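Before any comments, here is the structure.
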Amino acid sequence: MSVPFVPTPKKVLHRMLSLLELKEDDVLVDPGAGDCRIVIEASRHYGCVSIGIEKLYHLVKMCIERVRRENLQHKVIVAWGDLFKFEYSIATAITLYLGPELNEKLRPKLERELRPGTRVVSHDFEVPGWKPIAVETVDGPDRPRKLYLYKAGVSF
Ligand SMILES: C[S@@+](CC[C@H](N)C(=O)[O-])C[C@H]1O[C@@H](n2cnc3c(N)ncnc32)[C@H](O)[C@@H]1O
């Protein structure tokens, strides 16, 4: 089960972040962060702390360079490793773009670790068994994208 790097388009990621209603005291985690575009934009725009977890070394290097370029070293943390080894209780908000199989595999871990009130937004793919509090379609650059918003304690 492997998911390649497919970046979330800018317009779609902005809508994901606004659905999460991020505040400065939030901690956003993006498991499978790719080039860290989501975590960088979240910290840059909303001032929150953001953590990107990515297994591919060349993408992690790219993330570190981008974080430096944006001067966000005090706000963005990049973790090189397996998203299944991370402890998610630190998060108050999560972004997912992982595909149906990884969403299904990650689900029990998120159910165990996320604190009540934590928001999760998933791009294109539902988290099976969770009840979304909002579903939205965003016009992407190439095709429409579905966004699913969940809240721990309400959706699961
Ligand atoms: C579809 S991309 C999404 C990237 C980014 N979140 C975005 O929306 O622009 C999925 C990313 O997850 C990473 N990934 C897949 N499995 C992983 C794992 N077990 N641990 C860490 N990263 C993983 C891939 O390398 C890829 O960069």
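Fair warning: this is a prediction, and the values are worked out from it, not measured in the lab. In listed order, ligands and their atoms are each counted from 1.
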Please output the side-chain donor-acceptor pairs of residues 72-85 that fall under 3.5 Å, not counting sequence neighbours, one pair per line with the distance.
residue, atom, partner, partner atom, Å
Lys75, NZ, Gly47, O, 2.8
Trp80, NE1, Lys55, O, 3.2
Asp82, OD1, Phe84, N, 3.0

Which protein non-hydrogen atom lies closest to [atom], naming both residue and atom, and how far is it?
| atom | result |
| --- | --- |
| atom 22 (N) of ligand 1 | Lys55 N, 3.3 Å |
| atom 7 (C) of ligand 1 | Thr8 OG1, 3.4 Å |
| atom 24 (C) of ligand 1 | Val3 O, 3.4 Å |
| atom 25 (O) of ligand 1 | Glu54 OE2, 2.7 Å |
| atom 18 (C) of ligand 1 | Leu83 CD2, 3.4 Å |
| atom 1 (C) of ligand 1 | Tyr97 O, 3.2 Å |

Are Arg69 and Glu65 within salt-bridge range, i.e. N to O under 4.0 Å?
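Result for this pair is no, no salt bridge flagged.
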
Side-chain ion pair, Glu41 and Arg37, N-O less than 4.0 Å
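Result for this pair is no, no salt bridge flagged.
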
Kindly indicate whether the side chain of [X], heavy atoms from C-beta on, has any atom under 4.5 Å from the side chain of [Y].
| X | Y | value |
| --- | --- | --- |
| Val29 | Ser50 | no |
| Val120 | Leu20 | no |
| Ser155 | Ile133 | yes |

Pairs involving residues 118-143, ordered by first then second residue, that meet salt bridge (Lys or Arg N to Asp or Glu O under 4.0 Å) (sequence neighbours left out)
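Listed once each, the pairs are Arg15-Glu136, Asp26-Arg119, Asp124-Arg143, Asp142-Arg145.
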
Would Pro4 count as a contact of ligand 1 if the rule is a heavy atom under 4.0 Å away?
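Distance cut 4.0 Å: Pro4 passes for ligand 1.
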
Within less than 4.0 angstrom of ligand 1, does Ser2 place any heavy atom?
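No.
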
Check for me, please, whether Tyr97 and Leu56 land in the same ILVMFWY cluster - side-chain distances under 4.5 Å, paths through other members count.
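No, it is not one cluster - the side chains of Tyr97 and Leu56 are not joined through contacts under 4.5 Å.
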
Leu19, Leu13: one ILVMFWY side-chain cluster at the under-4.5 Å cut-off?
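Same cluster.
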
Could you tell me whether [X] approaches ligand 1 through its side chain, its backbone, both or neither, with non-hydrogen atoms closer than 4.0 Å?
| X | value |
| --- | --- |
| Leu56 | side chain |
| Ile38 | side chain |
| Arg37 | side chain |
| Thr95 | neither |

Distance filter under 4.0 Å to [X] heavy atoms, resulting ligand 1 atoms:
| X | value |
| --- | --- |
| Gly32 | 3 (C), 4 (C), 5 (C), 6 (N), 10 (C), 11 (C), 12 (O), 13 (C), 22 (N) |
| Asp30 | 5 (C), 6 (N) |
| Leu59 | 27 (O) |
| Asp82 | 18 (C), 19 (N), 20 (N) |
| Gly81 | 20 (N), 21 (C) |
| Pro7 | 9 (O) |
| Gly34 | 4 (C), 27 (O) |

Would you call the rings of Trp130 and Phe156 parallel, tilted or perpendicular if under 30° counts as parallel and over 60° as perpendicular?
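Taking Phe156 first and then Trp130, their aromatic rings lie parallel (interplane angle under 30°).
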
Criterion side chain to side chain contact (heavy atoms under 4.5 Å, CB included) against Val27, the qualifying member of Ile94, Leu22, Ile51
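Exactly one candidate clears the test, Ile51.
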
If I take atom CZ from residue Phe5 and atom CG from residue Asp35, how far apart are they, to the nearest 0.5 angstrom?
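If we round to the nearest 0.5 Å, Phe5:CZ and Asp35:CG are 3.5 Å apart.
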
